[in-house]
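Input: a single structure, listed below in structure tokens.
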Amino acid sequence: MSEHGLPPKSSIKRWLVTTNHKDIGILYILTSLFFLIFGGTLALLIRLQLWTSGEFILSGSAFGQAVTAHGLVMVFFFLSPFAFGFANYIVPLQIGADDLAFPRLNALSYWLYLFAGLLFLISFFQGGSLEAGWTMYAPLNLPTYMPNPGASTVVGALLMFVASVTVSTINFVVTIHQMKADGLSLWNLPMFTWSILLTVWMMLIAFAALGAALLILGADHVLDTVYFTEVEGGSLLWAHLFWFFGHPEVYIVFFPALGVMLETFQTFTGRRLIGRKWVILAMILVTLQSFLVWMHHMFLTTINLEIKTLMMAMTIGISLPFDLIVFAMIYTLIKGRIRWTTPFLFNFGALVLFIIGGITGVFLGAIVLDYEFRGTYWVVAHFHYVMVAGGTALFGGLYYWWPKITGKMYDEYLGKMHFGAYFVGFNLLYFAMFMSWEMPRRVFTYHTGFEAYNQMATIGGFILGASFLIMFYNFYQSWYRGPVADGNPWEYSRTAEWATDSPPPLENWEGIPNYEKGFLEFVDRPEGLTDGGHGEDHHDRHPDHASIWPLTISLTTFIGLAGLMLWGEHIVYNTLFIVGLFATLVAAVGFAREDFYAPMPDWGARWPFEGIHKNKFGMWIFLASDIVIFGAFIGAYIFIRWGYGWEAWQTIPPEALPGLVNTFVLLTSSFTVILALVYAQRGNQKGLVASLIATFGLATLFLVIKSWEWNYLLPEAETLPEATIALFTFDWDPLIGTEGPALDASIQHSTYYVTTGLHAIHILIGMIALGYLAIRAYHGAYLDDEQPVENVGLYWHFVDIAWVFLFPLFYIL
Amino acid sequence: MASIKFYFAIYVALLLLAVSKVVFMELLDYWAAVGGIMLSAAVKTGLIAGFYQHLVDEPRAVTWVVLMAVAAVLLLASAATFSIT
């Protein structure tokens, strides 16, 4: 043990248990580069296939799987995690913090991401992976139309990835708002940190919508519900849910890259960003506007002309703040004196590529032009000019922060060679796609007139891929033989990460960063305090940096999801699910019971989130995400019912009474859980334990009534398979066989059981938390710190609020 | 932190509002009942979030975060439904 309980970097164990933000950042970067190689190899296979028209090296199914996996791997498992590798490493340094607000949750995010990627890879060995493109359009995303078993596993992998993103989002929102150095205002945050802050706010809403879409898709896969096969709007429902996430996702991927561009342009021109205030305002505007344009991806569907026209206008509108940002960057370059280093070259290249990508996107925002371009390689070219422009800036970021992360300098000559090959390869590859804009996408048969362009693109693809060999060789050389880099190798860098050693010590700073005088200085840590001068009540204790539970929870979740998504396919999958589920419960209790100290600075929580503890703040951020998930489920129900005919819809429960009784039960449980908080604050142990047990009992009563109701209703559904009825009537014997459960009776049944089922799962999770609190309260906990009781209460009240809307929608109206 | 009496008063109000949903359905025509029920649900949500979850005591920005999430789902549901109208 070398660093406060953390094994040395040479030990494998360190990388399994570390919660330190720099270690996690490195893990993110390395893992994302692995997925870059995997996704890039798939891309080269696609390009080889397209060397000539028709079947060549891939079958039709293999081509479909390669295209789908390439898109999903590059967008989800490479680009964003690569950016968040930097965010993990750099943001705490830029804001003067010792670590993120929730170090264990940070490790959990990483391990969930890694295991989600592994689950994705496993799908190829299960009789075929998903074949529906990265947009996973319905009904191609359903087993009925695309029966590869691995497709269900992909849905599980993406759900796990969404869980990783949600945990990460909560962490970064709380960290950036509550752990800034004293005197560092929001307005003066470095541009990279600003870009990450806006990215995580977008992620909070967008990924919750994707999570809801994937949960419903998962139900269609595992339970055979019929959301996305519904004739009246099933496919459109997927398109709405996906693109409500998908358009902001473009900015979620691009904003961190924009942050890197803004940082490097300042560093390598020696100029402060011109119009900095306006650039920040423009980025905030883009963040808001990103949620107002999603239907421009749906111009070729049957949505009405009024909404298409509105979306076209909004799309033109979103290009305006981007114009301002681009002009601010160009003007900064003009007014500064450029140092043509490798990081600058990559970021300058990214700006050029992004301008081309942005301009060609305007064509797609116009309804009439979109009709012509939508199904062609124009879209593929535009998309890659935008997304890979982001990747280009991030590679620049890797060169920029390499000396900080490793303490070594890379070779400039090799770096410039890499850029040259990269830029030539990129444009050969993607500009050829603009040239062949009349060629239909998603298929590998094309008119022979496009062959020259396709061969040009394939050559470009291989040059682009080969350019990374230079990069990896350069970093290999640097790591083993490169010259040592000091704390600040760049003459005009202006952000705090360059004010500490390269690489920084475990807790980043010798003194405490402070901006009260308007510039960065370090004040001495108070004597006698080992926690970094933080104001919490553990002054004699050093922060913790190691925990095995994030890895354990992720591994058990991986096992459980691998089983769940193919439940009923084989007894092995059923067993995996049950084992994974119980192991995850045990691991979650281990996580909760671990005494892990991660202090917050006294001065961190300032406007607009002053005076709220980080745990409660984190819970509210989580609840905001859950609001979107439940809201998307309810929105899906309203959408489907509207398409079906609102008043022609048959409500599933024949009587409202069981629902009304359950409403009273839940409202009463909300009252008892608030009583628990009151008793905890008054130091009344008996009252606290009794209130928690009462809440637990009411939750049990709710589920008993619910199961009685399902018991009563399910056999009424004539077409339901026996296994389904068995699942919901708690007769488990038929489920041990190979028949999977199914809910294929009707769309009314699907919406009712899935939505109230989601609510019931929330109740179950709440009961686990309440049971845990009750046992610990019985042993004397929470009388001097009622926060856990309050935070579980916040969750429980939210579950009650969800029912406030579910009851009328599914029982009365 | 308010008194138990206050929380109990909120609880009673929530029960009455729950009953009101069924009453609206019995007394009003369908679409008027829909409006009444949704209004009742909104008031219940406000009482739970405001006083049981203590949003009234938290920094106002927390309320804005919650409203931002609510606005997102209202936008998604309403615009998507309008698109097929």
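Below, chain A is the first sequence line, B the second, and so on; all start at residue 1.
The CZ atom of B:F51 lies 11.5 Å from the CD1 atom of A:I674; values are rounded to the nearest 0.5 Å. How far CD1 of B:I48 is from CD1 of A:I801: 5.0 Å, rounded to the nearest 0.5 Å. Rounded to the nearest 0.5 angstrom, B:L47 CG and A:L667 CG are separated by 10.5 Å. Residue B:K21 holds its NZ atom at 7.0 Å from CD1 of A:I812, rounded to the nearest 0.5 Å. Atom NE2 of residue B:H54 and atom NE2 of residue A:H797 lie 7.0 Å apart, to the nearest 0.5 angstrom.
Across all non-hydrogen atoms, the minimal contact from B:A18 to A:T663 is CB-CG2, 3.8 Å. Closest approach of A:I307 and B:S83 over heavy atoms only: CG2-CB, 3.9 Å.
Between the side chains of A:W796 and B:Y52, no donor N or O sits under 3.5 Å from an acceptor N or O.
Other residues, nucleotides and ligands place no more than 12 heavy atoms under 6.0 Å from the CH2 atom of A:W642. Counting heavy-atom neighbours within 6.0 Å of B:W64 CH2, excluding the residue itself, gives a total of 12 or less. Atom CD of A:Q787 has more than 12 heavy atoms from other residues, nucleotides or ligands within 6.0 Å.
For B:T85, the parts lying near chain A are the backbone and the side chain together; criterion is any non-hydrogen pair under 4.5 Å. Of the atoms belonging to B:Y11, it is side-chain heavy atoms, and not backbone ones, that fall under 4.5 Å from chain A. With a threshold of 4.5 angstrom between heavy atoms, A:A656 does not approach chain B through any atom at all. Heavy-atom distances place the side chain of A:L623, and not its backbone, under 4.5 Å from chain B. Interface residue B:F8: backbone and side-chain heavy atoms are both found under 4.5 Å from chain A. Only the side chain of A:I205 comes within less than 4.5 Å of a heavy atom of chain B; its backbone N, CA, C and O stay farther away. In this structure, chain B has a heavy atom under 4.5 Å from the side chain of A:K616, while its backbone stays farther away. Residue contact with chain A, scored on non-hydrogen atoms closer than 4.5 Å, involves the backbone and the side chain of B:L76 alike. Interface remark: A:L236 contributes side-chain atoms only to the contact with chain B (heavy atom separation under 4.5 Å). Only the side chain of A:L204 comes within less than 4.5 Å of a heavy atom in chain B; its backbone stays farther off. Using a 4.5 Å cut-off between heavy atoms, A:W646 contacts chain B through its side chain alone, with no backbone atom that close. Residue contact with chain A, scored on non-hydrogen atoms closer than 4.5 Å, involves the backbone and the side chain of B:Q53 alike.
Between B:Y7 and A:F671, the ring center distance fails the sub-6.0 Å criterion.
When the candidates B:L74, B:L55, B:V70 are compared by the number of heavy-atom contacts under 4.5 Å with chain A, B:L55 comes out ahead. With respect to chain B, the highest number of heavy-atom pairs below 4.5 Å among A:Y637, A:F617, A:F805, A:F630 belongs to A:F805. With chain B as partner, the option from A:I612, A:L675, A:L813 having the largest number of non-hydrogen pairs under 4.5 angstrom is A:L813. Between chain A and the residues B:L75, B:I37, B:L17, the largest count of heavy-atom pairs under 4.5 Å involves B:L75. Looking only at heavy-atom pairs under 4.5 Å with chain B, the residue among A:M295, A:E647, A:E610, A:E306 that has the most is A:E647. The residue among A:T668, A:L237, A:L292 with the most heavy atom pairs within less than 4.5 Å of chain B is A:T668. When each of B:A77, B:P59, B:S78 is checked for heavy-atom pairs under 4.5 Å with chain A, B:P59 comes out on top.
The side-chain heavy atoms of B:T81 and A:R641, taken from C-beta on, include no pair separated by under 4.5 Å. At least one side-chain heavy atom of A:Y679 sits less than 4.5 Å from a side-chain heavy atom of B:I4. Side-chain contact between A:W201 and B:M68 is present, with heavy atoms from C-beta onward closer than 4.5 Å. Using a 4.5 Å cut-off on side-chain heavy atoms (C-beta onward), B:V65 and A:F609 make contact. By the 4.5 Å heavy-atom criterion applied to side chains, B:V73 and A:F244 are not counted as neighbours. Side-chain contact between A:T302 and B:I84 is absent, with no heavy-atom pair separated by less than 4.5 Å.
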* To do: Decide side-chain contact (heavy atoms from CB on, under 4.5 Å) for A:F664 and B:V19; before the verdict, give the C-alpha distance in whole Å, the side-chain angles of both, and the deciding distance to 0.1 Å.
  => CA-CA 9 Å; A:F664 293 148; B:V19 174; 3.6 Å; yes
